[in-house]
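For reference, the structure is listed below as structure tokens.
Reminder, nothing fancy here: chain letters follow the sequence lines and each chain counts from 1.
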Amino acid sequence: MVKKIILYFFVIVFGFACKVDPKINAPLPTNNLVEVIPQGWPKPNYTFSVNTISQDKFALGRALFYEKMLSIDNSISCGSCHQQFVAFADADHGVSHGINDLLGTRNTPALFNLNWHNSFMHDGGINNIEVMPLAPITNSVEMGEDLNNVIAKLQASTKYKDLFNKAYGSETVDSQKILRAMAQFMGLIYSYNSKYDLYKRGENNAQFDAAEQRGYSLFLTKCSSCHTEPLFTDFKYRSNGTLINPFINDIGRAHITSEALDRYKFKTPSLRNIALTKPYMHDGSLQTLNQCLDHYTNPITDTINLDPLLKTNGIAMTPTEKQDIIAFLNTLTDYKFLADKRFADPNIK
Amino acid sequence: MKNISKILILALLLGFAFCKKDKKTDPVPTPVPVPTTVDTSYGKLNIEFENVAGTNALQFNTNYVNAKGDTFKVSKFNYFISNIVITKNDNSTFTEIESYHLIEHSNPSTSIVTLINVPKGSYKSISFTLGVDSARNTAGAQNGALSQTSGMYWSWTSGYIMFKLEGTAPKSAASGKALIYHIGGYGGANKAQRNFTFNFASTTANVSAAIKPQIHLQADVLEFFKTPNLIDVSTQNFQMSSNATAKMYANNYADLIRFEHVHN
């Protein structure tokens, strides 16, 4: 009896003192909201040293990520085009629809492991994850909104007064609070539990089958100089021979640097979760992984500033080798992250 | 029974000890050394940035003639002033902490920058930067003068617009005869910050608890069009990014501001 009382007492004390926001389910190894550096990964570029992590800031950032008030007509949220079930890319859209069904010019990038990036967007124009949301919020074919209007709308909302108060101890909304909370949500979207990761870490007896193993070996010799492990990108800008659409004539990195040598170069995307993020390339012009590999083996067009690694013949791969590489690429899908309820739209119960 | 209550109290303490409370506030930047009580060894100093067009106070939508002889009007004129340092006669310096100021011609209250907690003494010179240093251009979301809400921050290519001058000119070939000069770029060969240093010549700014001197500076929009590059508004009427052309414009505002006088 006495033992039981003590047990109940423990349960009650711990239960109340450590109250966890019930909306945030934590079924995964990142059992709480903490910064993660997976085994064998480099140090991230963005840490939470100033923007200290808290459940409440994360909850605010999550609400904002899925908040349609960020767009001028309250029709579009970040989550409209960054969908969790496809690794926060936009399913089956070459380019995404903004307000009034306006179309952009580039494929929506997937979002995960963003803390390791030192730049954002296909052209790398954004230099800090905290200021990343400014681009889609203000872009006239995306959300078309003004940051001051966003602040006014959020300030007028009872829901957000409460969320800001919880996160920052004051219901006053300002842009720094918005952007840091969003950086917290986006920065804590980690993906490091694919079959490949488990295999590399020797967890759960994860094994590659013969095709995956062959594909991995081929990947290391043919792909990894740009799609470098463990993030599967070298974070550099390269022209990969994607044909230039004359109606758009997207000059890529040169849009930011004005350098002739940067014309038509785009940032190397990570290949994590690549099986889910079709269509592919910066302009969403290729529909399947097969087409992507064919792009590199077909006589590659010598576009302006074509990467030296692709000059002459592209990358030599036989049809069988391509299938093996695709088998390997499929091991990069992280189903845990795709199903992690902490990253899901909080408006959908 | 005594033992049980002891265990319960222990449990209670443990329970709370295990639950680390989340810090809700971000680390505060290095605090300004605020003098305790009334300390007569500190005072204040005003710096006035008076916007002018030649010898006239700058007015929006008023015709001015630039160095090339072309008429133009101004409708917007904003610039950042940062990293202000003042130097005493004995060469010791006072550096303003968190020294970032946005001067907006549409908002006259921004034209006077007040330095606080300035050590008493006679100051002979001032230096500052027009623009925002590289560190703050890459530091993410900011507040105060550097808030991303000011319209002085590019959303598509991160970084501050250091200098913004807009208006019209009859000779401008741009749509609406517009003049739009948004100049920025925080690093590399095309960086757009420009440093200014002014010696007060025969006079000093004498800071004390009783006297708040004012350093009177003038920012002359005509200088922007004059040297080292003579701006031709018929073709040079639009800039909205960081590149070699922005650098050329930045060179032109390197002498935008001049020292007028000090009054004590």
Side-chain angles (χ1 to χ4, degrees), chain A residues 2 5-6 9-10 12-19 33 46 49-57 118-121 123-139 146-148 150-151 166-170 174-183 255-259, chain B residues 1 3-29 134-144 146-160 184-190 239-247:
Chain A
V2 170
I5 292 172
I6 293 173
F9 196 78
F10 263 98
I12 290 165
V13 165
F14 278 84
F16 274 97
C18 306
K19 199 175 146 208
L33 294 169
Y46 181 85
S49 55
V50 175
N51 186 14
T52 49
I53 295 171
S54 79
Q55 293 273 1
D56 289 325
K57 272 190 244 173
N118 54 15
S119 69
F120 301 90
M121 312 288 268
D123 61 19
I126 311 301
N127 67 18
N128 189 305
I129 189 173
E130 291 180 5
V131 292
M132 176 61 234
L134 296 174
I137 289 172
T138 59
N139 189 301
D146 175 86
L147 193 52
N148 289 305
V150 172
I151 293 169
K166 278 185 182 155
Y168 293 106
S170 153
D174 71 35
S175 60
Q176 189 181 48
K177 289 177 182 171
I178 292 172
L179 295 171
R180 285 192 171 163
M182 295 187 78
H255 183 55
I256 303 303
T257 64
S258 301
E259 296 290 335
Chain B
M1 207 56 200
N3 277 343
I4 294 169
S5 53
K6 269 186 188 168
I7 291 168
L8 291 180
I9 289 166
L10 188 69
L12 190 69
L13 290 173
L14 266 176
F16 282 104
F18 273 104
C19 303
K20 219 176 95 191
K21 204 161 187 268
D22 287 325
K23 268 193 185 169
K24 289 213 167 159
T25 48
D26 294 332
V28 183
S134 173
R136 286 302 177 98
N137 273 274
T138 54
Q142 302 291 304
N143 55 19
L146 296 181
S147 165
Q148 272 81 6
T149 55
S150 66
M152 294 292 279
Y153 192 87
W154 280 311
S155 59
W156 57 277
T157 177
S158 307
Y160 288 94
Y186 56 82
N190 295 328
Q239 182 66 26
M240 262 198 193
S241 58
S242 161
N243 55 25
T245 313
K247 179 189 178 183

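Within the 4.5 angstrom heavy-atom criterion, only backbone atoms of Ser242(B) (N, CA, C, O) approach chain A. Within the 4.5 angstrom heavy-atom criterion, only side-chain atoms of Ile151(A), from C-beta onward, approach chain B. No part of Ala244(B) comes within reach of chain A, as not one of its non-hydrogen atoms sits under 4.5 angstrom from that chain.
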Worked verdict on Leu147(A) versus Tyr153(B) for side-chain contact (heavy atoms from CB on, under 4.5 Å): CA-CA 11 Å; Leu147(A) 193 52; Tyr153(B) 192 87; over 6 Å; no
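The greatest number of non-hydrogen atom pairs below 4.5 Å with chain A, out of Gly188(B), Gly151(B), Ala141(B), Gly185(B), is found for Ala141(B). Note: Leu134(A) leads Asp123(A), Ile137(A), Leu134(A) in heavy-atom pairs under 4.5 Å with chain B. Contact tally against chain B (heavy-atom pairs below 4.5 Å) for Ser258(A), Pro136(A), Ala183(A), Gly125(A): the top residue is Gly125(A). In terms of heavy-atom pairs under 4.5 Å with chain B, the best-connected choice from Ile129(A), Val131(A), Val150(A) is Val131(A).
Taking every heavy atom of both residues into account, Gln148(B) and Ser175(A) meet most closely at N-OG, 4.1 Å. Closest non-hydrogen pair, Ser155(B) versus Thr138(A), comes out as OG-OG1, 2.8 Å.
Between atom OG of residue Ser158(B) and atom CD1 of residue Ile256(A) there is a gap of 8.0 Å, rounded to the nearest 0.5 Å. Within the model, atoms CZ of Arg180(A) and CG of Asn143(B) stand 7.0 Å from one another, a figure rounded to the nearest 0.5 Å. Rounding to the nearest 0.5 Å places OG1 of Thr157(B) at 7.0 Å from CD1 of Ile126(A). For the atom pair Leu179(A) CG and Thr149(B) OG1, the distance stands at 9.5 Å (nearest 0.5 Å). Rounded to the nearest 0.5 angstrom, Gln142(B) CD and Asp174(A) CG are separated by 11.5 Å.
In this structure, the side chain of Asn127(A) does not engage the main chain of Gly159(B) through any donor-acceptor pair within 3.5 Å.
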